[in-house]
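Read through the structure below, which is laid out as C-alpha cells, and then see the notes.
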Amino acid sequence: MNKEYFPQEIEKKWQKYWEEHNTFHTSDESDKPKYYALSMFPYPSGKLHMGHVRNYTITDVIARFKRMQGFNVLHPIGWDSFGLPAENAAMKHGANPAEWTDENIAYMTKQLKMLGLSYDWDREVTTCKPEYYKWTQWLFLQLYKKGLAYKKEAAVNWCDKCATVLANEQVIDGKCWRCDSVVEKKYLSQWFLKITDYADVLLKDLDKLTGWGDNVKTMQANWIGKSEGAIFRFKVVENDLEIPVYTTRPDTVHGITYLVVAPEYKDIEKLTTPENKDAVEQYRANARKLTEIERLSTDRVKTGVPLGTHAINPFTNEKFPLWTADYALAEYGTGAVMAVPTHDERDFAFAKKYNLPMKIVIASEEMKQNIKDINKIYSADEVPLKEAYTEEGTLVNSNEFDGIKNTEAKKAITQYSVDNGFGEFKTQFRLRDWLVSRQRYWGAPIPVVYCDKCGIQPVSEDSLPVLLPEDVDFSVVGKSPITTSKTFRDTICPVCGGHAVRETDTMDTFMCSSWYYLRYADAKNSEKCFDKELADKWLPVDQYVGGIEHAILHLLYSRFFTHALHDLGLVGFDEPFKNLLTQGMVLKDGSKMSKSKGNTVDPDEIFENYGADTARTFILSDSPPARDFDWSDAGVEGCYKFLNRVWRMISANEDKISLDYVIPENRTKVNDDLVRTVHIAIKGITNDIANDFQFNTVISKYRELTNSISDWVGKAQWNDEDKSVFSFAIVSLLKLMAPVAVHLTEEVWTQLGAKTSIHDEKWCEYDENLAKTSSITLVIQVNGKLKDKIEVDASLDDEKLKETALSSEKVKQLVEGKTIVKIIVVPKKLVNIVIK
RNA sequence: GCUCCAGUGGCGGAAUCGGUAGACGCGUCGGACUUAAAAUCCGAUUGGGCGAAUAACUCAGUGCCAGUUCAAGUCUGGCCUGGAGCACCA
C-alpha cells in the first residue's frame, strides 16, 4: 500500500473498473426487496454545478447504503433535455439544438462518472430522443382520449422574450420563471391539461404523503387553494340574462349594494347600455394594457365604471347596479363578484371611492349597542364604520335570518337559495388547468392535426413519434422555428385522408419530466411506454431527492400524471413519490452560487485538486441535507485532511490488519473499549441515516471513530489480541465509510487483500450490549444544578447510584444542615437531590 | 394579510425519551518536529467574577416574556426577528 493518498490515481482506476464490470447494473429479477432511489434528473445545461453535486451525492449515498443493507436498488439517471436554453444556444450559433444538447450530455456524463455515482447507465433516458418523446406523445393522446387534454381560447401568460406562452406555475411574481421578463396576457387558442379535475384528490392525498415535508405539502395545498362557498344567480333587470356569482360569504348576501364583473367577463357587452358603452370599452382597453404585476398589486387604487344595467337580489328583491372593475378576475369563480362593502375590504374601498351605498348585515354586540340606525342603508359618507367589518357576528337587516350567528347563516342561506332554485353549494379551487402548448421548436410536437373537414384529429398511435423536423431556420424572430419547415406542416388527415396541417406547438418540458421516473422501470421498451408489471414492481419511488424549487411545478404535475395514469389503468398506484427529501441550496459566502455574482465553485477543480471522495464527504458534512449549505474552501481542505488521516493510519499499520480476524471474548479493558466504540459508531451511523439522512452527523461520527482508533494505536502492544481488535475496527470503519468515500474504501479494501468489492459487502451490524460504554459518567445534581460528576461502572443499579451520589464530598457539603426532600435517579445517567 | 420553516460560541453545526448545552469540524492561539517553511502531531478555545494561573471555586448563558417540572435548547401560551411560499381568489 502506498504511504500517501493519491485520490486522482485511485479514483480513475476504480471508475474504469466499475464501468467495465457493470458493477451497478440493476436486475429486474432478484429475491431481495426493492428500493428505488431517485434524484431529480438534470437539464443538460453544460456543466455540473455544486447543487447537482450535492443532490446526486445524497441520493448516491442512500442508494449505496440500501444496497449494503440488502436491497435490490434502482438508482437511475437521465436528461431533461428539451427546453429553451438549447434552442437559444442554437439560434446564437446557427446549429441544431440537438448538437448542443448532445455535447452537454457527453460532458456532464463524464463529470457524473468522475463523482463516482453508482448509476445503472443501462437505464439512462433522454427526453429529447424520439424513442422517449414518442411515449410522451402517446401519453398525451391517452389524456386526450380521456378528455383530459383539450384546446381552448383563453387569456394566457405570454413571455415576449421567450416568445411563448407559460403555465401559471411558471409565472413568478408576474415574471417569467426562466428569463425574469414581465409576463403579458394574450388571447390565444392553446392546449390545456385538465389538472383541475384532480384538484380535490391532489389536495386530499397530500395527507397520504407522510414521507414529505410539511413545507412542500402546504405549498401545494396553498396552490390548489380550496375554498367552500356558494353560487348565487342574479337576474338582470334590463334583459333576460343571469349572472352567477361565487362567494365564500353567503351570510352577507342581504347586504349587496352593487355587483362587479371582470373586464373580460363574457357577457359584458350585453350588460352594457348604449350610454355607457364608450366608457366601458375604454376601461376594458386600459385593463388589457396593464401588466399582470400592475393589475395584481394590492396597494393599487381600485377603479371601475358602471355598466348602466341592474340586477335583482332574490333575497330582498332589491335592485342594484352592475359595474365592471379589474379587481374582479375573469379566471376565478364565475368572473363576477357580489359586492357587500360593509363586510369586505375591497368592496369597502371601492364603494367609498365611487360613493356606492352600504348596508350592515353582520353586527357584533358592540355595534348593535353603538349604532343607532343599524337598519339604515347608508351612503358611503355616512356609514358608521371606519373599515369593513369582517369578524364574526349575528345577522341584522336580513329578514328571517336576523339574529342567527353568521357562521351558521352561511349554510342556512345557501340552503334557502337551493330550495328556491337560484343557488347552490360550491367548492372552488384556485388551481387552473395546465397550459402545455409552447410556441417553440425544442420540445415534443403535440401529436394532433387540423383537418380541413374533420377539425382537430389526434395522430394515430402507430404513426408516432411525430418527429421534429430538421429543415428549420433557427434565425427567425417572433415565431417558432418549427413553422419554417417545408416538410412538417402539411400532412393527411388520419380520419378522411384529406389535407390537414400539423399542430406546430410543442409540449411544455414539464410534460416530459412528469413521467420519466416511470420510464426508468422499463427504459428500453420500444413496444410500450413501460410495462405495467415492471412499473408496479419498482414504483413508487422510495426516496426522491431534489430542490425545493420544484415544490409546486414538477412535483404537482407528476402527482397529477400518476393519478391520471392510474385512472387510465396504466399503473397500479396513484402517488409517485413515497418519500421526498428537498435539499437546501449550496451557498457561497451566504448567498446563492451564481455566475453573475461570480461566487461559483467549479466541481471539476475540486475533483482535480482533492478528488471526488473529498467532494462527496465535504458536501455532506457541514449541514443536514434539507438545510442550505455554505461552501467553504477551508471545509474542503478539512475533509481532504481527514481522508488523508484515515489513509495514513491504515497504510502505516497495514501489516497488522487481517480481513479474517476473530475478536476474543475476554479482552483487556483498552481493547474492550475500542470494540465498544466501534459498536457505538455503527449504531449511531445506522440510526443517523435512518433518521432523515443526517449525513452531517454521520461524517462527524466517522471522525470520532477515526480519532478513537488513532488514540488506541498509540497505546497498542500489537499482540494477537490487539491485531484482531484493530482489524475489526478498521474493517468496520471502511464499510461504514464505503457509501461516502467510495474510491478510497475500495482501494484500501483490495489492498488489504479482499477479492470482491467493498460495495458488495453487507452493512455492519452492531450488538446492542456492546453498543454502550463499560463505565458511565454519573451526573450529580442538587436542586437541578450540576454539582459533581463521578465515573462509575455501567452495571450499577439505581440504589447504588443514589449511594454514590450521596457519598460525594460536594454533595455532603451542600446537604449539610438541609433536608433532603427527594432524590430522583435517572438510570445509568443522573441523580438529582432536592434539598430545602 | 394568510401559511410553513428557522433562531444555540468567532463560524458551520451537535444534543433518541425533557436529564452533563456547545459533539464533530472550521477558524484562532500556544507547543512539538524542522536550518526554515509546508505537511504532520499534541494542547487550549461560551461569556463574566475571583485568582499569578492554562488550578480550584462561582455566577450567567440556546431570539424575548411568562408557565409546567425535581430538571426546559427540548413541552405549553404570548411575542420578536429572519427566510420561503401564497395573495384584489370574492
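Order of the sequence lines fixes the chain letters, A, B, ..., with proteins taken first and strands second; residue numbering starts at 1 for each chain. Quick caveat, the model's predicted, so the values are computed rather than measured.
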Base of B:rC89 paired with side chain of A:R432 (donor-acceptor, under 3.5 Å):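 Yes.
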
B:rC88 base / A:K302 side chain donor-acceptor hit below 3.5 Å: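 Yes, the side chain and the base share a sub-3.5 Å donor-acceptor pair.
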
For the side chain of [X], starting at C-beta, report the closest nucleotide among [options].
{"X": "A:N215", "options": "B:rG12, B:rA90, B:rC4", "result": "B:rC4"}
{"X": "A:Y246", "options": "B:rA90, B:rC41, B:rC88", "result": "B:rA90"}
{"X": "A:Y332", "options": "B:rA90, B:rG85, B:rG13", "result": "B:rA90"}
{"X": "A:Y327", "options": "B:rC88, B:rA14, B:rU3", "result": "B:rC88"}
{"X": "A:R627", "options": "B:rA14, B:rC86, B:rA90", "result": "B:rA14"}

What does [N] pair with, Watson-Crick or G-U, if both distances are under 3.5 Å?
{"N": "B:rC88", "answer": "none"}
{"N": "B:rC17", "answer": "none"}
{"N": "B:rG43", "answer": "B:rC29"}
{"N": "B:rU81", "answer": "B:rA6"}
{"N": "B:rA71", "answer": "none"}
{"N": "B:rC57", "answer": "B:rG49"}
{"N": "B:rU76", "answer": "B:rA66"}

If I pick the [atom1] atom on [M] and the same atom on [N], what distance separates them, to the nearest angstrom?
{"N": "B:rA72", "M": "B:rG19", "atom1": "P", "result": "11 Å"}
{"N": "B:rG9", "M": "B:rG22", "atom1": "P", "result": "14 Å"}
{"N": "B:rC50", "M": "B:rU8", "atom1": "P", "result": "30 Å"}
{"N": "B:rC42", "M": "B:rU81", "atom1": "C1'", "result": "43 Å"}
{"N": "B:rG25", "M": "B:rU45", "atom1": "C1'", "result": "14 Å"}
{"N": "B:rC79", "M": "B:rC4", "atom1": "P", "result": "14 Å"}
{"N": "B:rU74", "M": "B:rU69", "atom1": "C1'", "result": "13 Å"}
{"N": "B:rU20", "M": "B:rC26", "atom1": "P", "result": "26 Å"}

For a quick check of understanding: with a heavy-atom distance under 4.0 Å over all strands, which category does [X] fall into, base, sugar-phosphate or nothing?
{"X": "A:K641", "result": "sugar-phosphate"}
{"X": "A:K810", "result": "sugar-phosphate"}
{"X": "A:S632", "result": "nothing"}

Taking syn as a glycosidic torsion within 90° of 0 and anything else as anti, which one is [N]?
{"N": "B:rG51", "result": "syn"}
{"N": "B:rC17", "result": "syn"}
{"N": "B:rG9", "result": "syn"}

Write down the distance between [atom1] ([X]) and [atom2] ([N]), rounded to a whole number of angstrom.
{"X": "A:F350", "N": "B:rC88", "atom1": "CZ", "atom2": "C1'", "answer": "12 Å"}
{"X": "A:R346", "N": "B:rC88", "atom1": "CZ", "atom2": "C1'", "answer": "6 Å"}
{"X": "A:K715", "N": "B:rC42", "atom1": "NZ", "atom2": "P", "answer": "13 Å"}
{"X": "A:F695", "N": "B:rG13", "atom1": "CZ", "atom2": "C1'", "answer": "17 Å"}
{"X": "A:M585", "N": "B:rG82", "atom1": "CE", "atom2": "C1'", "answer": "14 Å"}
{"X": "A:N644", "N": "B:rC41", "atom1": "CG", "atom2": "P", "answer": "10 Å"}
{"X": "A:E331", "N": "B:rC88", "atom1": "CD", "atom2": "P", "answer": "10 Å"}
{"X": "A:K588", "N": "B:rC26", "atom1": "NZ", "atom2": "P", "answer": "18 Å"}

Close side-chain approach of A:R432 and A:E331, heavy atoms under 4.5 Å: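 Touching, per the 4.5 Å side-chain cut-off.
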
Main-chain N/O of A:P357 paired with A:T257 side-chain donor or acceptor, under 3.5 Å: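 Confirmed, A:T257 side chain pairs with A:P357 backbone.
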
Under 3.5 Å: donor-acceptor pair, side chain of A:H679, backbone of A:Y766: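 Pair absent, no side-chain N/O of A:H679 close to backbone of A:Y766.
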
Smallest separation among heavy atoms of A:T614 and A:V636, with atom names: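 Shortest heavy-atom separation between A:T614 and A:V636 comes out as CG2-O, 3.6 Å.
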
Closest non-hydrogen atom pair between A:P263 and A:Y283, with its separation: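 Scanning both residues, the minimum pair turns out to be CG-CE2, 4.1 Å.
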
Most 5' of A:G635 and A:Q428 on RNA chain B, judged by nearest nucleotide: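 Here A:G635 is the residue nearer the 5' end.
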
Along RNA chain B (nearest heavy atom to each residue), the more 5'-positioned of A:D214 and A:R249: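 Counting from the 5' end, the first nearest nucleotide belongs to A:D214.
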
Qualifying residue for side-chain contact (heavy atoms from CB on, under 4.5 Å) with A:E791, from A:T777, A:L778, A:I776: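 The single option meeting the side-chain contact (heavy atoms from CB on, under 4.5 Å) with A:E791 is A:T777.
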
A:H554 and A:H550 aromatic ring geometry - parallel, tilted or perpendicular at 30°/60° bounds: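 Perpendicular, since the angle between the ring planes exceeds 60°.
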
Gap between atom CG of A:D344 and atom CZ of A:R346 - 0.5 Å precision: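 Between atom CZ of A:R346 and atom CG of A:D344 there are 4.0 Å.
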
Residue A:D692 excluded, over 12 heavy atoms near CG under 6.0 Å: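 No, because the 6.0 Å sphere around CG of A:D692 holds 12 heavy atoms or fewer from other groups.
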
Phosphate-side-chain proximity, A:R430 and B:rA87, N/O vs OP1/OP2 below 4.0 Å: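 For B:rA87, OP1/OP2 do have a side-chain N/O of A:R430 under 4.0 Å.
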
N-O pairing of A:R284 and A:E264 below 4.0 Å: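 The answer is no: the pair does not qualify as a salt bridge.
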
Cation-pi geometry met for A:R430 and A:Y332 (6.0 Å, 45°):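 Cation-pi check for A:R430 and A:Y332: fails.
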
Contact state string [nucleotides 15-24 of chain B, B base, S sugar-phosphate only, - no protein heavy atom under 4.0 Å]: S---BB--BS

